[in-house]
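In what follows, a structure is listed as structure tokens, so that the remarks can point back to it.
The sequence lines fix the lettering, A, B, ..., with proteins before strands; numbering per chain opens at 1. The structure displayed is predicted, hence computed values, not measured ones.
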Protein chains: 2
Amino acid sequence: MSDTELYSIKETSEKTGLSEDTIRYYEKIELLPRAKRKGNTHRVYRSEDLFMMKIITCLKKTGMSLDEIRPYMNLSSFNDDLTASPELYELLQEHKKKIENQMASLQQIMDLIDSKLLQGNVISEPCTITGGKQTMPMKSREDKTP
Amino acid sequence: MSDTELYSIKETSEKTGLSEDTIRYYEKIELLPRAKRKGNTHRVYRSEDLFMMKIITCLKKTGMSLDEIRPYMNLSSFNDDLTASPELYELLQEHKKKIENQMASLQQIMDLIDSKLLQGNVISEPCTITGGKQTMPMKSREDKTP
DNA sequence: ACTTGACTTGGAGCTGACTCCAAGTTATAA
DNA sequence: TTATAACTTGGAGTCAGCTCCAAGTCAAGT
């Protein structure tokens, strides 16, 4: 398993679509583990590392914040023995639900428009989903390891 | 039509869930039109205005940026004669597609995990959607609307 | 030995979307 | 009338997620 091919940060950037700066930034905020160094200076990455970065990109695409993604990265290795991590799977399911809610929200607007609720009647209870608090900013930074 | 009931910014805030600051901010960035003033100073809002704010909240929930939302607000009134705005409808359809793509992204990760692509093999082409900008094959998601 | 280029670090700057504040004005109630 | 609450404005600050930059280091080629 795990071929021994190593990649520079430039190659890694090319292969993952993340900029070099972004990769270093992810390391800085500890979203990615500190990369191994060649001669104690230049970063080197293995396929597994690229894989993690791609996962991050995937999750981001679905609207996850980096803070929300972090727990996934902390799960041992993500590579070996993932099925033994029902926690991850559940988090994913949860997130999927959020996206489904988003779609429902959108669907409601579309319906609203379709059904001409807008014409004449309008203005009473336009978009029920609006009521709640839900997916707003959500700040919970208190762990800032020195 | 349109009842004549008027709301202060506080009432409006309460009814829409947006903070007073946010409402003023939306006016400042011209996402909302400049509100009418009572005695030339205090803002007053009508039901239609609240409706607009709720629409904004809805769209934001589905991941639209304020800049993306602005065109919708510029469409004449949103209230009267909406069906005569196929532009809006089309924009919405487009946005909906984006969300569907997000879901597809997520689904791919879930599939990835399910299928144990992760075990042993791993690391070759983990999440195809990551590669390009869009272009994903898009497994036709049969709609699950009730 | 020298130049070039890829890399390093720390930190500054930027955008979006707020959120907070101070200082002033107006409306209302006692 | 006066105190208080509600509101106004302009501008500063915050937070996430980058992006850019300067100054320095290191490896390889000539």
Handout entry: Closest-nucleotide ordering on DNA chain D, the 5'-leading residue of Lys28(B) and Ser65(A)
Key =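 Per heavy-atom nearest nucleotide, the more 5' residue is Lys28(B).
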
To the nearest angstrom, how far is [X] atom [atom1] from [N] atom [atom2]?
{"X": "Lys10(B)", "N": "dA5(D)", "atom1": "NZ", "atom2": "C1'", "value": "8 Å"}
{"X": "Tyr26(A)", "N": "dC18(D)", "atom1": "OH", "atom2": "C1'", "value": "8 Å"}
{"X": "Asp21(B)", "N": "dT8(D)", "atom1": "CG", "atom2": "P", "value": "11 Å"}
{"X": "Leu18(A)", "N": "dG17(D)", "atom1": "CG", "atom2": "C1'", "value": "12 Å"}
{"X": "Arg43(B)", "N": "dT26(C)", "atom1": "CZ", "atom2": "P", "value": "15 Å"}
{"X": "Met64(A)", "N": "dG17(D)", "atom1": "CE", "atom2": "C1'", "value": "17 Å"}
{"X": "Ile69(A)", "N": "dA16(D)", "atom1": "CD1", "atom2": "P", "value": "14 Å"}
{"X": "Tyr25(B)", "N": "dT14(D)", "atom1": "OH", "atom2": "P", "value": "17 Å"}

Handout entry: Residue met sooner reading DNA chain C from 5', once Asp67(B) and Gly39(B) are mapped to nucleotides
Key =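 Mapping each residue to its closest nucleotide by heavy atoms, the 5'-most match is Asp67(B).
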
Problem - Toward the 5' end of DNA chain C, by each residue's nearest nucleotide, Glu20(A) or Thr41(B) - result: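 Its nucleotide being nearer the 5' end, the pick is Glu20(A).
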
Look at all strands and tell whether [X] reaches a base, only sugar-phosphate, or nothing, counting heavy atoms closer than 4.0 Å.
{"X": "Ile29(B)", "value": "nothing"}
{"X": "Arg24(A)", "value": "base"}
{"X": "Lys60(A)", "value": "sugar-phosphate"}

Problem - Value rounded to 0.5 Å, distance of CZ in Arg70(B) from CD1 in Ile29(B) - result: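 Here the rounded value is 5.0 Å.
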
Handout entry: CE on Met73(A) to CD1 on Ile55(A), rounded to 0.5 Å
Key =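 Output value for this atom pair is 6.5 Å.
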
Problem - For Thr62(A), the option from Lys98(A), His95(A), Lys96(A) that meets side chain to side chain donor-acceptor pair (under 3.5 Å) - result: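 For Thr62(A), the side chain to side chain donor-acceptor pair (under 3.5 Å) check succeeds only for His95(A).
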
[X] vs [N]: side-chain N/O to OP1/OP2 distance below 4.0 Å:
{"X": "Ser19(A)", "N": "dC18(D)", "result": "no"}
{"X": "Thr22(A)", "N": "dT19(D)", "result": "yes"}
{"X": "Ser8(B)", "N": "dC7(D)", "result": "yes"}

Problem - Ionic contact status for Lys15(A) with Glu5(A), cut-off 4.0 Å - result: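 No, Glu5(A) and Lys15(A) are not salt-bridged.
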
Problem - Residues which pass salt bridge (charged side-chain N to carboxylate O under 4.0 Å, His left out) with Glu30(B), listed by chain and number, not counting sequence neighbours - result: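 Listed in chain order: nothing, the list is empty.
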
